[in-house]
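Just the heavy atoms: all of them, side chains too, but no hydrogens, waters or symmetry mates, feed the values below. Only a predicted model underlies this, so the values are computations on that prediction, with no experimental measurement involved. A note on names: the letters A, B, ... follow the listed sequences, proteins ahead of strands, and every chain is numbered from 1.
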Protein chains: 2
Amino acid sequence: MSTVNILIADDHPIFLKGLKEVVEAGHHLQVIYQAANGQDAIQGVATKLVDVVILDIDMPVKNGLQAAVEILQLKPEMPVILLTMHKAKDAFLKALDIGVMGYVLKENAVVDVMYAIEAVLRGHSYISPEMTSFLLAQKRSRQPVMDNVTTLLTSSEIKILKMVGEYKSTKEIADELYISEKTVSNHRMNITKKLQLTGKNSLLRFAIEWKQ
Amino acid sequence: MSTVNILIADDHPIFLKGLKEVVEAGHHLQVIYQAANGQDAIQGVATKLVDVVILDIDMPVKNGLQAAVEILQLKPEMPVILLTMHKAKDAFLKALDIGVMGYVLKENAVVDVMYAIEAVLRGHSYISPEMTSFLLAQKRSRQPVMDNVTTLLTSSEIKILKMVGEYKSTKEIADELYISEKTVSNHRMNITKKLQLTGKNSLLRFAIEWKQ
DNA sequence: TGGAATATAGGTAGTACTGCCCATCTGCGG
DNA sequence: CCGCAGATGGGCAGTACTACCTATATTCCA
């Protein structure tokens, strides 16, 4: 197995030094570039042969998210691992959108950074388990609403609500169920009344977000 | 700290025995019920004072997912941890929908089960890091479409597309941007033409699914 | 058995988006 | 300087959903 060249970036010299030691505890891993800010890291990626990039999010000049965006524009296949101290949801979602391969909390850094490097080298991604909590939380939060719906609405209404959520028109639903468009229309109105929805596309909106 | 009562379920006696030992290595953790299938596990939850439930997914009579559904109907606040051998995406997504608190791969069981129990006792959730890969993959896969859109559309059109995706009406968009409804309408039409969308709500549908 | 809930279907009016036409103004590049 | 793309605006016909009526048949529960 050949040596893996790693770029690390953090504005705190002491943390950077510690990170370097943690990384190089992996026998075939070598830190070939140490950047003190995001701009510096981009330079490093552009000029050196880098296999994996590890960026702290909180950095001056250019933060880790901005740097990640530009690095992935430069080299879309580059595995980028982000480090952060806080579990901020915004930054995490942004990181997902950017398309980074790893997201590691500093509190778990010693163990998780090694896991993350191994994962991205195998083509997988890695997220500190603590960060996944809110993904579950999102799913869970809609549960009570769903229960209200299933108790409030009749089975026919639920059937139609589902089809609305599949972007089917009143006519399409009527054809599919062999009933009049008028009947479907009435069901729609009864649903909107029961759920106290108003306005154009309000039912469609609810149906989409419901997605039982 | 008082003792935590744990229910474990797996149809393989040997694995069950091993799991019990792993769990009880935690000093204040105690296995009070060992089930051999899903139905058995539900019985255990109904009759014993259980603090945490750990279910294998692949079980006869009733699998772990079905059992989790019924257990959470019985006791919605019960922390449920699922164990599985495979990284199947379907089962994982279903687990998210059901609202379990943990999802652990058997290959990492010894370490991850302990992490998961600690996490759910603190009210957090825990997912084996390997399972998060495809969450990232999903985000990443939509990138090319996004790029098409951003190159095809002008900045004004993108701005309006975003607002459409927020369920704003033509009038609301017009008011917010201080332009005529007609202008917004024309932009909408230009977008649908460029993206070759047809039919009612086609633009809304695309805008929602796009979600840059 | 009588009433409530539900599914069925029709009428009518208003509103909003689509789809196609048009014109004007601005800025940018050949 | 001319042409083109883009942003701005308007008109008009068609279609679809909303919102409010009414009415009948069926089913189920008190």
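At D:dA7, one or more side-chain N or O atoms of B:Ser156 fall inside 4.0 Å of OP1 or OP2 (strictly under the cut-off).
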What verdict does the side chain to side chain contact (heavy atoms under 4.5 Å, CB included) test give for A:Leu55 and A:Leu83, after you've listed the backbone C-alpha separation in whole Å, the side-chain angles of each residue and the deciding distance to 0.1 Å? CA-CA 6 Å; A:Leu55 303 172; A:Leu83 285 176; over 6 Å; no
Test A:His12 against A:Ile14 for side chain to side chain contact (heavy atoms under 4.5 Å, CB included), laying out the working first. CA-CA 6 Å; A:His12 296 93; A:Ile14 297 178; 5.6 Å; no
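Rounded to whole Å, atom P of D:dA16 lies 12 Å from atom CZ of A:Arg188. The distance between atom CD of A:Glu157 and atom C1' of C:dA5, rounded to the nearest whole Å, is 10 Å. The separation between B:Leu195 atom CG and C:dT18 atom P is 12 Å, rounded to whole Å. Here the P atom of nucleotide C:dG10 and the CE atom of A:Met189 are 16 Å apart, to the nearest Å. One can place CD of A:Gln196 at 16 Å from C1' of D:dA19, the figure rounded to the nearest angstrom. Protein atom NZ of A:Lys193 is 18 Å distant from nucleotide atom P of D:dC17, rounded to whole Å. At whole-Å resolution of the value, CD1 in A:Ile208 and P in D:dC17 are 13 Å apart. Atom CG of B:Leu204 and atom P of D:dA16 are 16 Å apart (whole Å).
No side-chain heavy atom of A:Ile81 sits under 4.5 Å from any side-chain heavy atom of A:Val113. The shortest side-chain heavy-atom distance between A:Val104 and A:Leu82 does not fall under the 4.5 Å cut-off. Using a 4.5 Å cut-off on side-chain heavy atoms (C-beta onward), A:Val164 and A:Ile173 make contact.
Where B:Asn201 and B:Ser155 meet DNA chain D, the nucleotide closest to each residue was compared, and B:Ser155 sits on the side nearer the 5' end.
If you check residues 171-187 of chain A against DNA chain D, the residues with a heavy atom closer than 4.0 Å are A:Lys182, A:Ser185, A:Asn186, listed by number.
No engagement by B:Ser202 is indicated, since no non-hydrogen atom pair under 4.0 Å with the nucleic acid exists. Residue-level contact check: B:Leu203 touches the backbone only, with heavy atoms under 4.0 Å from sugar-phosphate atoms and none from bases.
Within 6.0 Å of NZ on A:Lys48 lie no more than 12 heavy atoms contributed by other residues, nucleotides or ligands. More than 12 heavy atoms of other residues, nucleotides or ligands lie within 6.0 Å of NZ in B:Lys194, so this atom counts as buried by the packing criterion.
Using a cutoff of 4.0 Å between basic side-chain nitrogens and carboxylate oxygens, A:Asp10 and A:Lys106 are scored as salt-bridged.
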With 3.5 Å as the limit, what N/O pairs link the protein to nucleotides 28-30 of chain D?
none

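There is a side-chain donor-acceptor pair under 3.5 Å between B:Asp40 and B:Tyr33.
No option in B:Ile117, B:Leu7, B:Val31 other than B:Ile117 meets the side chain to side chain contact (heavy atoms under 4.5 Å, CB included) test with B:Ile54.
Rotation axes derived from the C1' atoms of the five outermost pairs at either end of the helix from C:dT1-D:dA30 to C:dG30-D:dC1 lie 30° apart, to the nearest 10°.
If you take CD1 on A:Ile32 and CG on A:Asn5, they are separated by 4.0 Å, rounding to the nearest 0.5 Å.
Summarising the geometry of B:Ala68 relative to B:Val80, their closest heavy-atom pair is CB-CG1, 4.2 Å, with the distance given to 0.1 Å.
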